[in-house]
Amino acid sequence: MRWLALCCTPEAPVGDADALAWLALSFTPRVTRLEEAVLAEVSASLRLFRGARALRLRLQAGAAQAGLALGATAWAPTALGALALARCPEAPPRGPFTERLDALPLHALSAAQAHHAMLARLGCRSLGELRRLPRAPLARRFGPGLLTALDQAYGDLPEAHDWLTLPDRFEARLELPWRVEHAPVLLNFAETLLRQLCAFLSARHAGVRALRLAWQHDAMRARDVAGSGELTVATADTTRDLTRLTRLLGEHLARTTLAAPAGEISLSAEQLLPLQELSGGLLPGSADEQEHTTTHALLERLSVRLGPAHVRQGRLREDHRLDRMQDWQPWPCPPAPAAPAVRPPPGPQPTWLVDPPLPLRCDAREQPLFAGPLTRISGPHRIETGWWQGGGLQTRDYFVYRSAARGLLWVYHERFPDPATARASGWFLHGVFA
């Protein structure tokens with residue numbers, strides 16, 4: 001067997017150890033928690049990741065991407081042996097495994113650390129000296145647990161472990177060390193839960209489009225205040241980027257007011273979506289992917305700052321009327337449900353629709369005018385539809401015109417206007433192109 005022990009730095013939050021265990025599950029299914037460390041048995045994964053060094057570097061890169069502070073690491077044929085070596089970074093990095101363990105102090109093994117005072121009086125300072133003591137008297141004085149742990153660390157007895165498994169959905173909670181009165185302060189504690197989420201998503205090879213942050217109000221709140229509050233953060237595409245999620249959550253919290261002090265927060269992501277992994281490029285970095293991600297992150301922050309009504313996204317709809325073939329929704333739109341493919345429009349669609357359409361004047365040649373003469377670019381596109389709805393039958397010819405002052409315009413001409421509502425001219429401005 002080949003065990004890799006992973007330890008977080010001493011100043012890391014408590015939840016980082018769980019996140020590190022989830023991250024290790026993306027490299028091997030044989031992961032367990034042993035005291036303060038995460039142990040991963042990776043003998044079956046070494047060939048897949050091209051050796052022990054490459055696997056360790058990949059895991060360190062994944063921990064850095066998830067914002068986890070990875071501390072000491074150690075390799076060993078046994079789990080307890082790897083944990084003992086990780087606790088003593090000053091141990092010799094090379095040499096036979098037995099000799100390296102023999103040189104470790106007693107605190108490297110928890111079972112020996114419990115009897116450190118008595119063993120020190122016996123003149124025993126290292127695991128090697130402890131191992132050379134007579135076994136029968138050692139078992140009578142300190143119990144069989146010490147010998148069992150010692151034999152398991154050296155590989156003389158088999159080890160039994162409870163393997164970790166990933167839950168179907170992510171949900172984590174954190175009790176705050178003090179009562180928080182301002183919502184932006186919650187981001188400092190939510191980052192711990194976000195790191196756990198990103199590690200969980202990495203093990204699932206998935207991402208999220210929405211996550212929910214909830215908080216419990218203090219028990220001493222006013223009677224008219226609810227016991228909890230929450231907000232939902234939506235992203236434009238599937239992601240598990242810690243920096244992006246942290247910034248977006250911070251934008252939402254900056255515009256949130258707590259009704260009462262909060263004493264506990266929780267983070268959940270119920271719907272996990274597969275995240276497509278892109279192949280590496282020949283040159284460092286991927287310009288297309290970086291530009292795509294940067295644009296989405298910018299639009300997400302603008303949507304929070306300006307309001308969802310001011311940042312919109314267009315989607316095609318199935319309709320015969322040209323002005324009903326697109327629908328603008330607040331950014332980011334929720335994922336579209338599985339449905340038959342929508343046919344593309346027969347011509348260009350304007351960025352903004354003029355509602356209601358603006359009547360236009362005509363010149364002597366009966367051509368439309370808008371801030372001066374117009375130049376026809378394309379058209380006509382003739383439609384005769386809409387009789388089944390209250391809007392009435394549409395009998396129109398659509399054109400794209402260019403205005404020297406206003407740019408590209410979407411204009412239509414009514415072929416058979418209703419005499420009761422007929423205007424002086426049958427030309428209307430119906431849209432403007434960006």
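Below, all heavy atoms of this structure are taken into account, side chains as well, without hydrogens, waters or symmetry copies.
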### Query
Does CZ in Arg58 sit with more than 12 non-hydrogen atoms of other residues, nucleotides or ligands closer than 6.0 Å?
no
### Query
Rounded to the nearest 0.5 Å, how far apart are CZ of Arg240 and CG of Leu194?
14.5 Å
### Summary
When rounded to the nearest 0.5 Å, the distance separating CH2 of Trp163 from CG of Leu25 is 10.5 Å
### Query
Is the shortest heavy-atom distance from the side chain of Leu409 to the side chain of Val400 under 4.5 Å?
no
### Summary
Between the CG atom in Leu211 and the OG1 atom in Thr235, the distance rounded to the nearest 0.5 Å is 7.5 Å
### Task
Measure across Ala24 and Leu6 and return the closest heavy-atom pair with its distance rounded to 0.1 Å.
CB-CD1, 4.4 Å
Under 3.5 Å, which donor-acceptor pairs link side chains of residues 32-41 to any protein atom two or more places apart or in another chain?
unit_1: Thr32; atom_1: OG1; unit_2: Asp162; atom_2: O; d: 3.1
unit_1: Arg33; atom_1: NH1; unit_2: Asp18; atom_2: OD1; d: 2.7
unit_1: Glu35; atom_1: OE1; unit_2: Arg87; atom_2: NH2; d: 2.4
unit_1: Glu35; atom_1: OE1; unit_2: Ser110; atom_2: OG; d: 2.5
unit_1: Glu35; atom_1: OE2; unit_2: Ser110; atom_2: OG; d: 2.9
unit_1: Glu36; atom_1: OE1; unit_2: Arg87; atom_2: NH2; d: 3.1
unit_1: Glu36; atom_1: OE2; unit_2: Arg87; atom_2: NE; d: 2.9
unit_1: Glu41; atom_1: OE1; unit_2: Arg30; atom_2: NE; d: 3.3
unit_1: Glu41; atom_1: OE1; unit_2: Ser43; atom_2: OG; d: 3.2
unit_1: Glu41; atom_1: OE2; unit_2: Arg2; atom_2: N; d: 3.1
unit_1: Glu41; atom_1: OE2; unit_2: Ser43; atom_2: N; d: 3.1
unit_1: Glu41; atom_1: OE2; unit_2: Ser43; atom_2: OG; d: 2.6

### Message
So, using ring-ring contact (aromatic ring centres under 6.0 Å, His included) as the criterion, who are the partners of Tyr401 when residues are at least two apart?
### Response
Phe399
### Task
Step through it carefully: locate the ring centre of Trp22, locate the ring centre of Phe170, and say whether they are under 6.0 Å apart.
yes
### Message
Against Trp410, only a single residue in Phe370, Phe428, Tyr398 fulfils ring pair (Phe, Tyr, Trp, His ring centres under 6.0 Å); can you say which?
### Response
Tyr398
### Message
A side-chain contact here means heavy atoms from C-beta on lying under 4.5 Å apart; do Leu213 and Leu253 qualify?
### Response
yes
### Message
Please evaluate residues Arg247 and Glu251 with respect to the criterion salt bridge (Lys or Arg N to Asp or Glu O under 4.0 Å), reporting the C-alpha separation (whole Å), side-chain torsions for both, the decisive distance (0.1 Å), and the verdict.
### Response
CA-CA 6 Å; Arg247 289 179 178 176; Glu251 293 284 353; over 6 Å; no
### Query
Counting only heavy atoms not in Arg141, do more than 12 sit closer than 6.0 Å to its CZ atom?
no
### Message
Run the ring-ring contact (aromatic ring centres under 6.0 Å, His included) test against His182 and tell me which residues pass, sequence neighbours left out.
### Response
none
### Query
Would Phe97 and Trp75 count as a close aromatic pair, with their ring centres under 6.0 Å?
no
#### Entry: Least distance between heavy atoms, Thr78 atom then Ala153 atom
OG1-O, 2.7 Å
### Query
About how many Å separate CD of Gln216 and CD of Glu175, when rounded to the nearest 0.5 Å?
11.0 Å
